[in-house]
Amino acid sequence: MNSKKLTNYILAAMFLGILVGYLVNAKGAGSSLPAQYVSYISILTEVFLRLIKMIIAPLVFSTLVVGIAKMGDASTIGRVGLKTFAWFISMSLVSLLLGLVMVNLLQPGIGVDLALPEIATNSGLNKNGLNLPEFVRHIFPTSIFDAMAKNEILQIVVFAVFFGVGAAGMGARADEFIRNLDMLSHIMLRITTAVMKMAPVAVFSAVSVVIAENGLAILVTYGKFMLSFYVSIFSLWVLITLISALVLKKRTWHLVSMLREPVLLAFTTASSEAAYPMTLEQVERFGCKNKIASFVLPVGYSFNLDGSMMYCTFAAVFIAQVYGIQMELTQQLLMLLVLMITSKGIAGVPRASLVVIAATLSQFNLPEAGVLLILGVDHFLDMARSATNVLGNGLATAVISKWEGALDGGGKG
């Protein structure tokens, strides 16, 4: 299935999912039909995501070890790592700051008619893992097999870096093993091609389930908030693309075009993880050398979540607006700095963005119960966040490749 056909099939599946979900919700009102439909049809999305997750651990490990071994020495790895994290921190700051600007400009929480949860109500989200000691412990795996079994990308990256540096130090003796790992990565990408044929079915399932559960009425109720967030996300897309264009020049637009399939897949499934293999494939087709792409992309999945960053500031101030709590500019800027730190610990935390928001609200004496306001539409917002994370990581990979002189003139594929 070529990329243009896949895009068309995914779009068609999304619209069909909306239609079927609406019919199930409307015709099954007051009966058990919607719940039964959700319990059965959601299996299709779950199977697809499980198949993708099955690929990610061996793909990340094999590509990263091969890439590091090809880099040759620790100084090169350190240089690439420094540039990568400098870019990630800069883009996180841009995303958080733009979120603050847009939520104050659009004021989606002013004048909305929502039933507010009691301030003392607990959100039910587990915030215990969101602290510096836990984050540092979480980075380092106790077992690579445990990390792979749980798809802990950050832990796999840490082990792969040590393993790659060790393999590079072995010289020619490790060449055969590195070639075998390179073959493993290509086998994983071949499996990805087969799994992707199921993507339209998974998209239909994911979209129809959400609409069948909530109906279209919830989109009307939260219309101002959702529209404001999507306008803000689009502004972020434009901004990070323009910033990337300072480095990539005219080729930026071609890369954005090549990333449309993984971005669309992440959007429709609300999972940036689902788009990882395809994103890696597309940035390499664009001309990024494997040794850079295999390092930057998986690290980005833990540290460069542009869409999630914007959502944190946007949602936190939205909740303050809904409850009529005035936040001074100094408070908002302080919150931005807190989010810059806490958000870097969200890798591997379930419902990460919501957990970060809940933890931040409590630190600034804002009602944690406000998180319950956005739970109902979080899936629709997660679609935009996931797509943005994929776009941001794809652009970051190309930028670092260009800085390292590891960007070929390809991309016509």
Side-chain angles (χ1 to χ4, degrees), residues 79-106 228-264 266-267 272 275-276 279-280 282-289 292-293 295-314 332-333 336-337 339-341 343-344 353 384-411:
R79 186 181 68 246
V80 173
L82 188 62
K83 291 178 180 178
T84 299
F85 281 101
W87 178 266
F88 288 168
I89 291 170
S90 300
M91 289 303 101
S92 293
L93 185 59
V94 166
S95 303
L96 289 166
L97 190 56
L98 184 60
L100 274 186
V101 170
M102 295 302 290
V103 75
N104 282 287
L105 185 66
L106 301 174
S228 298
F229 180 67
Y230 270 79
V231 168
S232 303
I233 278 289
F234 179 74
S235 302
L236 180 60
W237 282 32
V238 172
L239 187 57
I240 60 176
T241 302
L242 290 175
I243 293 173
S244 301
L246 296 175
V247 179
L248 301 174
K249 309 302 181 186
K250 293 181 180 179
R251 292 191 66 194
T252 309
W253 317 112
H254 183 60
L255 175 58
V256 171
S257 174
M258 291 184 72
L259 289 172
R260 69 183 184 276
E261 285 87 14
V263 165
L264 180 59
F267 178 80
S272 50
Y276 176 86
T279 307
L280 179 63
Q282 291 296 74
V283 294
E284 289 188 359
R285 284 180 59 209
F286 178 71
C288 299
K289 292 286 181 64
I292 303 297
F295 177 82
V296 177
L297 203 55
V299 173
Y301 265 65
S302 295
F303 288 96
N304 190 43
L305 307 174
D306 296 330
S308 301
M309 296 297 95
M310 165 172 273
Y311 185 60
C312 287
T313 48
F314 194 93
Q332 294 190 31
L333 292 175
L336 182 149
L337 294 175
L339 284 167
M340 270 293 291
I341 299 169
S343 60
K344 296 310 175 190
S353 296
R385 298 197 301 261
S386 299
T388 307
N389 294 342
V390 169
L391 178 67
N393 282 317
L395 289 169
T397 303
V399 167
I400 305 303
S401 297
K402 182 68 180 290
W403 281 342
E404 280 295 300
L407 182 65
D408 293 335

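Scope of the values below: all heavy atoms of this structure, side chains included, with no hydrogens, waters or symmetry mates.
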- Task: Check whether any side-chain heavy atom of F267 sits under 4.5 Å from a side-chain heavy atom of L391, and report yes or no.
- Result: no
- Message: Tell me the closest heavy-atom pair linking L395 and S244, and the distance in Å.
- Response: CB-OG, 3.5 Å
- Task: Kindly indicate whether the side chain of L106, heavy atoms from C-beta on, has any atom under 4.5 Å from the side chain of F229.
- Result: no
- Heavy atoms from other residues, nucleotides or ligands near OH of Y230 exceed 12 (cutoff 6.0 Å): yes
- Note on the structure: Applying salt bridge (Lys or Arg N to Asp or Glu O under 4.0 Å) to K289 and not counting sequence neighbours gives D408
- Do any N or O atoms from the side chain of T313 and from the backbone of L96 form a donor-acceptor pair under 3.5 angstrom? yes
- Query: Do the non-hydrogen side-chain atoms of V94 and M309 ever get within less than 4.5 Å of each other?
  - Reply: no
- Query: Taking all atoms of both residues into account, what is the closest heavy-atom pair of A406 and I292, and its distance?
  - Reply: CB-CG1, 3.7 Å
- Task: Give a yes or no answer on whether the side chain of K402 reaches the backbone of L407 with a donor-acceptor pair at less than 3.5 Å.
- Result: no
- Do L264 and R260 come within less than 4.5 Å of each other through their side chains, counting heavy atoms only? no
- May I ask you to test the S228-V103 pair for a side-chain heavy-atom distance under 4.5 Å? no
- Item | Backbone of L259 reached by a side-chain donor or acceptor of Q282 within 3.5 Å | no
- Item | Test log, rule side chain to side chain contact (heavy atoms under 4.5 Å, CB included), inputs I243 and W87 | CA-CA 11 Å; I243 293 173; W87 178 266; 3.7 Å; yes
- Item | A387 to W237 - nearest heavy-atom pair and separation | CB-CZ2, 3.9 Å
- To the nearest 0.5 angstrom, please state how far the OG1 atom of T252 sits from the CD1 atom of I240. 11.5 Å
- Answer whether the closest heavy-atom distance between the side chains of Y276 and P298 falls below 4.5 Å. yes
- Message: Please check: side-chain N/O of R285 versus main-chain N/O of L280, any donor-acceptor pairing under 3.5 Å?
- Response: no
- Are side-chain heavy atoms of L98 and M310 found at a separation under 4.5 Å? yes
- Task: Can you measure from OG (S92) to CG (L305) and round to the nearest 0.5 angstrom?
- Result: 7.5 Å
- Note on the structure: To the nearest 0.5 Å, atom OG of S95 lies from atom CD1 of I233 at 8.0 Å
- Distance-minimising heavy-atom pair for L255 and A398: CD2-CB, 3.4 Å
- Donor-acceptor contact present, side-chain N389 to main-chain D306, <3.5 Å: yes
- Task: Please report the closest heavy-atom contact between F88 and V296, naming both atoms and the distance.
- Result: CZ-O, 3.8 Å
- Flag the pair S232 / F314 as yes when at least one side-chain heavy-atom distance between them is below 4.5 Å, and no otherwise. yes
- Spell out, as yes or no, whether a donor-acceptor pair under 3.5 Å connects the side chain of Y311 to the backbone of A384. no
- Counting distance only, does the side-chain N/O of S257 pair as donor-acceptor with the main-chain N or O of W253 below 3.5 Å? no
- Note on the structure: Value for CZ (F85) from CD1 (I400), rounded to nearest 0.5 Å, stands at 10.5 Å
- Note on the structure: Value for OG (S90) from CG (N304), rounded to nearest 0.5 Å, stands at 10.0 Å
- Write down the atom of C288, the atom of A293, and the distance for their closest heavy-atom approach. CB-CB, 4.3 Å
- Please list, chain by chain and in numerical order, all residues satisfying side chain to side chain donor-acceptor pair (under 3.5 Å) with E404, sequence neighbours excluded. R79, K83
- Task: Supply the atom-to-atom distance T279 OG1 to E261 CD, rounded to the nearest 0.5 angstrom.
- Result: 10.5 Å
